[in-house]
Amino acid sequence: MIAQALALLLAAGPSSAGADEHLLVGAQRFREGRFEEALVEFRVAARMGAPGTDTYVASTLVKLGRNEEAVELFGGGDSPGPDALIDYYRALACWGARLYGCADRLLAGIGDRSGPKVSEQAARLRAAIAAELRRPLTAATVDWYRGRCEDEKRIGRKALSEAYCREAAALAARRGDRARTPGTAQAATGGSGGRQ
Amino acid sequence: MTTRIIAAIAAALLFAGPVFADDKDQTQTQTQDPTTDEAAVQDKTQTRDRLHTEDQLGTGDKTRTRDRLHVDAEASGDQTRTQARDQVRAAMAEQAGMPADAACLPGEGTGDKVMAQGQTHTMAAERAALRHADRKSAREQVGEAAATHKGTGAGQGMMGGSGMGSGDCTQAAETTRSGDMRGSGGMMPGGMR
């Protein structure tokens, strides 16, 4: 009986159990602020087939300041997902990549879906974005986003590229020079679905 | 003489009796044999049926037990998985802080430089993490389960330079910075509150 049970436990998925173990260690490292180590644990868990681990990897990348990678891994979208906490990390990734429009939309979607701490922080970040966006926009700013859009497209980070294109299009529209943004309007309307 | 004849007949009868009796027994045995065989067959059939039934029941039990164990194992796996994800979520909630850098639209060039620096670090750190992950996976695959949980090295996740907000940020960003956000601009691991 015991042998059968052991065999079945093994058959139930040793890799899955191993992946869970890595998730647990990753969670511990994340909690301790040891994000490099947490990242490795989450990546190993992902490679061992643990589903939905990408968001953990991306969130850890945010904590490491590797926001562009995080945006790419999150999928680059700015539509709120089912999990407000993940959305908060997505917003932080956008913020870190200077995708303030993306960050603002994600933060707006959090509302009171999250706990009071995250909701309060989201409100403060939105206020900061609003203040920054009240500045007169320069052509250099819009060009910077267009440049980033092209650069990221060249190196194959499609989601990030599209996010920059959308941001460029939105800022150009805000400046009133929509006519100068060929190709970005299309990006602004498409491909905004984020990974969740 | 008569006496001898009588004695001979008596003796003959005495010897013949058992022979007849044996014949009778043999006949009876032969008569009974089919019955016995049938009974034996029936017994065997019944026994076989019973054993078969028992086997079936036993197999059913075993199957049920196996199924139950499998379900238990799955439930246990699900539970572990759920626990692991709950732990990750709890850690994420605990560490969900504010960004270290202020909101600052890129303008006259500083953004590119900072982003380029960030990319360099990004690529190096990515390579290191993947190397480590590969090594770790390989160790696990060969059964060396006692993998150490060492990191890839201190500081690889840092974004160098003076930070995004050093050059071209506006007063709005400065106000934000002096209020709730740290102004160093450097994004270190754990650099969020």
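Proteins get letters first, then strands, A, B, ... in listed order; numbering begins at 1 in each.
- Per-residue heavy-atom pair counts under 4.5 Å with chain B were compared for A:Tyr145, A:Tyr89, A:Tyr88, and the maximum is reached by A:Tyr89.
- Within the 4.5 angstrom heavy-atom criterion, no atom of A:Ala45 approaches chain B.
- Under the 4.0 Å criterion applied to side-chain N and carboxylate O atoms, A:Arg135 and A:Glu132 are assigned as salt-bridge partners.
- Applying the side-chain hydrogen bond (donor to acceptor under 3.5 Å, both in side chains) criterion to A:Arg134, with sequence neighbours excluded, gives no partner residue.
- For chain B, the option among A:Pro51, A:Gly26, A:Ala46 with the highest count of heavy-atom pairs below 4.5 Å is A:Pro51.
- A salt bridge links A:Lys158 with A:Glu162; the closest basic N to acidic carboxylate O contact falls under 4.0 Å.
- A cation-pi geometry, defined here as NZ or CZ lying under 6.0 Å from the six-membered ring centre and within 45° of its normal, does not hold between A:Arg90 and A:Trp95.
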